[in-house]
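Order of appearance sets the numbers: ligands from 1, and atoms from 1 within every ligand.
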Amino acid sequence: MTGPIAWLASSGGPVRGEVLVPGDKSVSHRAIMLAAMADGVSRIEGFLEGEDTRATAAAFAGMGVRIDTPSPSQRIVHGVGMHGLAAPRTAIDCGNAGTGMRLLAGLLAGQPFDSVLVGDESLSRRPMRRIIEPLVRMGAEIRAEAGDLPPLRIRGGCRLQGMLHAPSIASAQVKSAILLAGLHAEGITEVREAHPTRDYTERMLQAFGWPIEFGPGWARLAGGHRLAATDIVVPADFSSAAFFLVAASIVPGSELLLRSVGINPRRTGLLSILRLMGADIVETDRRGQGDDAVADLRVRHAVLRGIDVPESFVADMIDEFPILFVAAAAARGTTRIAGASELRVKESDRIAAMTQGLQALGIAVVEKPDGAVIEGGVPGPGRIESSGDHRIAMSFAVAGQIASGPVRIADCANVATSFPGFAELARGCGMNVRVAADPA
Ligand code: S3P
C-alpha cells in the first residue's frame with residue numbers, strides 16, 4: 001500500500017504460536033559502521049531491513065563502501081579500512097535514526113573531509129548538544145541549528161584528542177559517539193557512566209579486533225589501531241519482541257514462543273518489570289550467539305498487577321516504556337513511572353503520546369514531567385495519533401487486542417523504520433491488526 005497507512009486494531013482472541021522478530025536495530029547499525037571501516041570483507045546475517053539501518057548502510061555506500069545484499073537480512077560489506085572513506089557528494093540522510101546520526105557524527109568528526117548529517121522531521125527536532133559538546137572538547141568542529149538541532153555540519157581535518165567523559169545523561173548513543181571518535185583520536189578515550197547503558201559498541205569493537213577494555217558503566221580505548229573484518233550474526237531485537245511479550249501477557253488464553261531473542265542485560269529491563277507485575281515469561285535454550293547471548297522466550301497469559309517501576313531499571317528498558325504503558329493499562333491497580341524524562345526526546349515525546357493515547361481510550365493516566373501514573377482498566381475504542389513514532393503505533397496495536405471496541409491508529413508507515421512486517425507477524429499469531437488507507 002502506498003500513501004499514508006492507518007491500522008485498525010481490535011480484540012482477536014489468544015496470541016499463539018512461534019514468532020521470530022527481525023534483527024536488532026542497535027546491533028545492525030554498529031555492524032555496518034565497523035564493517036565499513038574494517039580491513040577485509042565482513043558478512044552480516046540477520047541485518048534489520050528497517051529504514052533506519054538501511055539509511056546507515058546507504059550513508060557508507062555514499063562514502064565509497066561496497067555493500068552487497070545477497071538476500072534480505074544479509075549484507076556483505078567490503079571494508080575500506082580506517083582511512084578509506086571517500087567524501088560524500090551530498091548530505092548524508094540519517095532518516096529517522098538518532099543512533100545513525102549520533103554515532104556517525106562521532107565517526108565522521110575525525111575524517112579528513114567535511115560532511116553534513118540531515119534527518120527527517122522527527123530527527124530534526126532531537127537534541128544533539130549532548131554529543132556536540134564532548135566531541136568539540138575532543139577537538140571536533142560541528143555546527144548545528146541553535147547549537148543543538150540537525151543538520152550537523154562536521155568540519156574535516158580536525159585533530160582529535162582522547163579524553164575522559166562522564167555524561168550527565170544515561171545514553172548509549174552519547175557513549176558510542178565518543179568511543180567512535182576515539183578511534184581517530186590521539187591517546188586514550190574513556191567514558192564513565194552513572195547508569196550503565198547498552199554495550200554493543202564496545203562488544204562490536206572487540207569483535208572487530210580493536211583493543212578495548214570495558215565493563216558495566218565504563219569503557220576505555222586508544223586511537224590508532226585497525227579493525228579486522230569479521231562475520232556478525234545479529235540477534236532478534238528485544239525491543240521488537242517486547243510488543244509480543246506484552247500482547248501474549250495481557251490477552252487471555254495466549255501462549256507464544258519468541259525465538260532467538262537478544263537478551264543482553266542492558267536491554268531486558270522490561271522482562272524484570274513484567275515479572276514483578278506477575279507475568280509468566282520463561283527463558284529457554286539460552287545460548288551464545290556471536291558475542292552476545294540469545295534465548296527463546298515462552299510467554300503465557302497472566303493477570304498483571306500495577307507496580308512502582310524502580311528507577312534503576314529505566315536505562316535497561318528505555319525503548320520499552322510505550323509498551324509498558326499498555327501493560328500498566330491492562331494491569332490491576334496503579335503503575336507509577338518516574339525518572340524517565342529522556343522519553344520526551346525520543347522519536348516523539350513518548351510520555352505525552354502514551355498519556356494522550358491511553359486517555360483517548362478511556363484509561364486514567366496522570367502525566368508527570370518524568371513519567372506517569374496509570375490506573376489499570378479496560379481500554380475502549382478510539383482514535384490514536386502515532387505522533388510519527390513506530391513504537392507508539394505498535395503499542396496501540398497491542399492495546400487494541402484487549403479493547404472493548406476498535407482502535408484506529410493514524411500514521412503507521414513509520415513502523416518500517418524498526419519493524420517492517422509487524423502487522424503481518426502480529427496477525428500470524430492471532431492478533432487482529434488490519435491495515436487501511438489513512439485518509440488524514
Ligand atoms: C540506542 C540507544 C538508546 C535507544 C535507541 C538506540 C543505541 O538511545 O533509545 O533506540 O543503539 O545506542 P539513547 O542513547 O538516546 O538513550
**Q** Taking the side chain as every heavy atom from C-beta outward, state whether F113 and M63 have any atom pair closer than 4.5 Å.
**A**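 When only atoms from C-beta onward are counted, M63 and F113 do touch, with a gap below 4.5 Å.
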**Q** Taking only residues two or more places apart in sequence or in another chain, which ones pass ring pair (Phe, Tyr, Trp, His ring centres under 6.0 Å) with H390?
**A**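 With sequence neighbours excluded, H390 shows a ring pair (Phe, Tyr, Trp, His ring centres under 6.0 Å) to no residue whatsoever.
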**Q** To the nearest 0.5 Å, what is the distance between CG (L183) and NE2 (H225)?
**A** 9.5 Å
**Q** Would a 4.5 Å heavy-atom cut-off, applied to side chains only, mark R275 and I281 as touching?
**A**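 Sidechains of I281 and R275: in contact.
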**Q** Would you please name every residue forming a side-chain contact (heavy atoms from CB on, under 4.5 Å) with V136, sequence neighbours left out?
**A** I132
**Q** Once you restrict both partners to nitrogen or oxygen, which atoms of ligand 1 have a protein partner under 3.5 Å, and how far apart are they?
**A**
residue, atom, partner, partner atom, Å
ligand 1, 8 (O), Q173, NE2, 3.3
ligand 1, 8 (O), K346, NZ, 3.1
ligand 1, 9 (O), D319, OD1, 2.6
ligand 1, 9 (O), D319, OD2, 3.4
ligand 1, 9 (O), K346, NZ, 2.7
ligand 1, 10 (O), D319, OD1, 3.4
ligand 1, 10 (O), D319, OD2, 2.7
ligand 1, 11 (O), S26, OG, 2.7
ligand 1, 11 (O), R30, NH1, 2.8
ligand 1, 11 (O), T99, OG1, 3.4
ligand 1, 12 (O), R30, NH2, 2.7
ligand 1, 14 (O), S171, OG, 2.6
ligand 1, 14 (O), A172, N, 3.0
ligand 1, 14 (O), Q173, N, 2.9
ligand 1, 15 (O), K346, NZ, 3.2
ligand 1, 16 (O), K346, NZ, 3.1

**Q** Sequence neighbours excluded, which residues qualify as side chain to side chain donor-acceptor pair (under 3.5 Å) partners of R66?
**A**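 Listed in chain order: D68.
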